[in-house]
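Before any comments, here is the structure.
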Amino acid sequence: MNRILTTKAGSNVNRLRIPWRPFSNDAAPVICPNAGNPEKGSEAEQYDIAIVGGGMVGLALACSLASKPLTKHLNVVIVDSNPALGAKHFIKKDDLPDPRVSTITPATISFLKDIGAWRFVEQHRHAYFDKMQVWDYTGLSYAKYNARDADKEVLGCVVENKVLLSSLLSHVQNTELLKKIYPSRLTSMSILPNSSSSEVNSTLSMTSLFTHGRLAKLELEDGNSLYAKLVVGADGGKSRVRELAGIRTTGWNYSQNAIICTVEHAVENHCAWQRFLPSGPLALLPIGDKFSNIVWTMTPKESSDFKSMTEDDFLKAVNHALDYGYGPHPTSSILGGSELFSWLKGGISSSANDCFEVPPKVVKLASERMAFPLSLRHANDYVSKRVALIGDAAHTVHPLAGQGVNLGFGDASSLSSVISEGIAVGTDVGEVRLLKKYEADRKPANIMMMAILDGFQKAYSVDFGPLNILRAAAFHGANHISPLKRSIISYASGELRLPLFA
Amino acid sequence: MASSKLLSQPRWHRLLGTNLFNVRLFSDLASQHPVSDPEPKSNNKFKNTSSTPSSLKEAELAKFAAIADTWWDSEGPFKPLHKMNPTRLAFIRSTLCRHFRKDPLSARPFEGLRIIDVGCGGGILSEPLARMGAIVTGIDAIEKNIKIARIHANLDPTTSNIEYCCTTAEKLVDEQRQFDAVIALEVIEHVADPAEFCKSLSALTAHEGATVVSTINRSMRSYATAIVAAEYLLHWLPKGTHQWSSFLTPEELTMILKHCSIHVREMAGFVFNPITGRWSLSDDISVNFIAFGTKETHEE
């Protein structure tokens, strides 16, 4: 075979320079990325994908990769110092609900079903809801949404974050994808530009691959280091990966904090309630077993007051805010009722005829009250060489529509599809050209959603007569114009990528 | 017959007509090689090829290494090829998996298959094929391309055992090599005698093996897009990269291949969507098209 290697014009010096191994099918005697075996004498190991951040979105990406035939053989590790990831912890049935919950849209539910994690969620507390009522303090209008309006069974499901986390973790640990969890924090990450060496040697050590830009090197707080072809930043709003990759963000802080807590009712709650108050919306979401979760957005001063007041005072304040506090109950007669839009109706919207209801009274506080500041932040780029950002690392939004983590799950789903398509045609997973496909898929959809939520937030932060009426009219329209309502429900459920342009 | 039209142009005319692409890229090197004439980027298989300079100094190697990334610079002069690559690979993957009855859901479906990439250039096609598990041989008539390809492939353990040779299909036929799949993408429009070229491709293909050829159709649309738009308006390709008269229509290609015992089983076109900036497979073979054929040596 070696005779082929020499061309007719004399044996070239370059041929002697390149110690060419005889033609063989065996992998070179170096680290084969798919074997994951450590190189002798070196501590660092090499993996295909390093997911920095083992939260819900990071674990969802791992589960999604494990569920696809083309990617399930990859070597993936997670870097996260959260001790909950290491220990097998059991959620007891009698545990009170944690106030950190997420509203999962139907689109996310089917994603979680596809990746095989939903069945674990169903074993713990979770609450589907099919009704939603939205109104504001002016009493000018209200909107009731029912899943039946869009021919669905549920509008969403409220699940505690710790349930989602442990479900995803249990599922991914049953697969062979996740090779290791590094219980440490990322301190530094280096990725060198692509280069080629003039002396081509056959010992492809990880160091030389790294020097030529083919691997990223991660250094952790506990002294470990590792190499990976692709680093995924799933480490939240203050992403270290994003910072180290030099990706800038755009955004602003809302001058609002959110208070979250768990409350209990005397009766079961099956509806999601949201009332826009002068300083921010108050949301009451069912969690199951007569518990509900409260997300109350307000000014920072108010939030420290509400956090420190006694439990009884707080419960009184909540009930007041959901009832006659700040303004009257809305009735539809002020703006004309459904007859006004009868000429526009595309179909019978049954929930348009539902009356306004007052939410069930809150009788007991079942958890401590937590407060955290709200902001909007969007990474200018989602990807760079050998780096991709998903979830809150790429974007944070206002919680007023419960979309935040659903956008993150959408990112995880899209990135794993893009990686799978890349593997199908033999691409290196860290190549920017491939990663940009993920960015092109998710960025427009995320930006659209963020703009809409920000629009809502701004529209409701102003108390100005004509604007109030305009808002109320918009509400009214959304309540009575069925095609619009169906669009809104479909978009909020995650089925439409962009609103109105189906 | 179209092939007589192709042969009527004297060979030297074609040489001058084809672009001096390589010279433009490696213009600083050309001055050091008065012997080697400026060769076109793609092969002219019947030329006395690989006029390798007699001695290659280490300094040259360093220079090649420095510019090797232009081949692999996905925003550089080879950008159109990089963009089209995943689409070509998708077609190759689906046809070869079906033909050799490999599992399409495997990450390395070509395990055990010997594949040759004729006119491999910098290895843009060879490397993904190697990652898909194939035993890949890449050949190109231009020494520089082979160097670049080898340097780049050596930087990834999954592609470092690709065999690159600076040679031609005819020479390999003389050495009686055979492969399970012979792939010649965007080459045949640059050869002087497509019929002879296809004969070589066929000889390299093992019995019941696969041959994949892609090229540009000779149609009004391809004149407008591949020549006028690509070369003169959008500057995707240097002027003179292609000669419209040397394009083959799908019918001609099928017939030429049939005469070499390769029966074309599937054909597809590549279309470019200017809004998304992506190529995709389609039934439209009026501009770029790719053909998959199998070798059967029984008499018709």
Side-chain angles (χ1 to χ4, degrees), chain A residues 1 3-10 12-15 17-18 20-34 46 68-74 193-202 204 208-209 212-214 229 420-428 431-434 437 440, chain B residues 50-58 60-66 68-69 72-74 82-83 85-90 92-93 103-108 112 127-133 135 137 143 147-148 150-152 154-158 160-161 163 165-167 172 175 177 276-278:
Chain A
M1 286 297 181
R3 60 200 157 104
I4 292 169
L5 300 179
T6 57
T7 57
K8 54 177 169 48
N12 296 321
V13 175
N14 63 304
R15 301 250 184 256
R17 285 287 152 189
I18 305 170
W20 189 244
R21 269 189 313 284
F23 178 73
S24 79
N25 190 23
D26 300 324
V30 298
I31 309 303
C32 179
N34 291 331
Q46 179 186 331
K68 294 190 154 75
L70 284 166
T71 52
K72 61 183 185 202
H73 67 285
L74 290 175
N194 268 351
S195 69
S196 305
S197 142
S198 50
E199 20 148 314
V200 182
N201 53 26
S202 58
L204 289 161
S208 78
L209 286 172
H212 294 114
R214 300 295 188 265
K229 285 192 190 158
S420 176
E421 284 165 16
I423 301 258
V425 288
T427 323
D428 177 357
E431 254 177 75
V432 171
R433 209 171 353 112
L434 179 70
K437 279 197 205 164
Chain B
S50 47
S51 44
T52 324
S54 47
S55 68
L56 222 66
K57 303 168 204 132
E58 286 139 57
E60 305 310 323
L61 227 113
K63 266 206 182 134
F64 292 143
D69 284 328
W72 286 94
D73 176 9
S74 47
H82 280 278
K83 282 192 111 101
N85 209 29
T87 322
R88 312 191 297 182
L89 284 161
I92 292 172
R93 185 194 172 90
D103 177 14
L105 293 178
S106 156
R108 292 171 67 88
E127 289 195 13
L129 290 174
R131 285 202 196 94
M132 290 200 254
I135 307 163
T137 303
E143 178 72 45
K147 277 199 201 26
I148 291 163
R150 211 178 267 134
I151 289 171
H152 193 269
N154 271 342
L155 286 174
D156 185 345
T158 47
S160 56
N161 43 22
E163 179 197 4
C165 316
C166 182
T167 177
L172 285 191
E175 294 170 19
R177 293 205 50 188
T276 59
R278 302 232 196 105

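Letters go in sequence order (proteins before strands), and every chain restarts at 1.
Taking the side chain as every heavy atom from C-beta outward, P86(B) and L434(A) never approach each other to under 4.5 Å.
A distance of 8.0 Å separates CE in M132(B) from OG1 in T427(A), rounded to the nearest 0.5 Å.
Every residue two or more places apart in sequence or in another chain that forms a side-chain contact (heavy atoms from CB on, under 4.5 Å) with K83(B) is listed here: K79(B), W279(B). Not counting sequence neighbours, the partners of R131(B) by the side-chain contact (heavy atoms from CB on, under 4.5 Å) test are D428(A), E127(B), D156(B), T158(B), T159(B).
Counting all heavy atoms, side chain and backbone alike, L155(B) lies closest to H212(A) at CD2-ND1, 3.4 Å. Scanning both residues, A90(B) and V425(A), for their nearest heavy atoms gives N-CG1, 3.7 Å.
The contact between R278(B) and chain A is made entirely by side chain atoms (from C-beta outward), counting heavy-atom distances below 4.5 Å.
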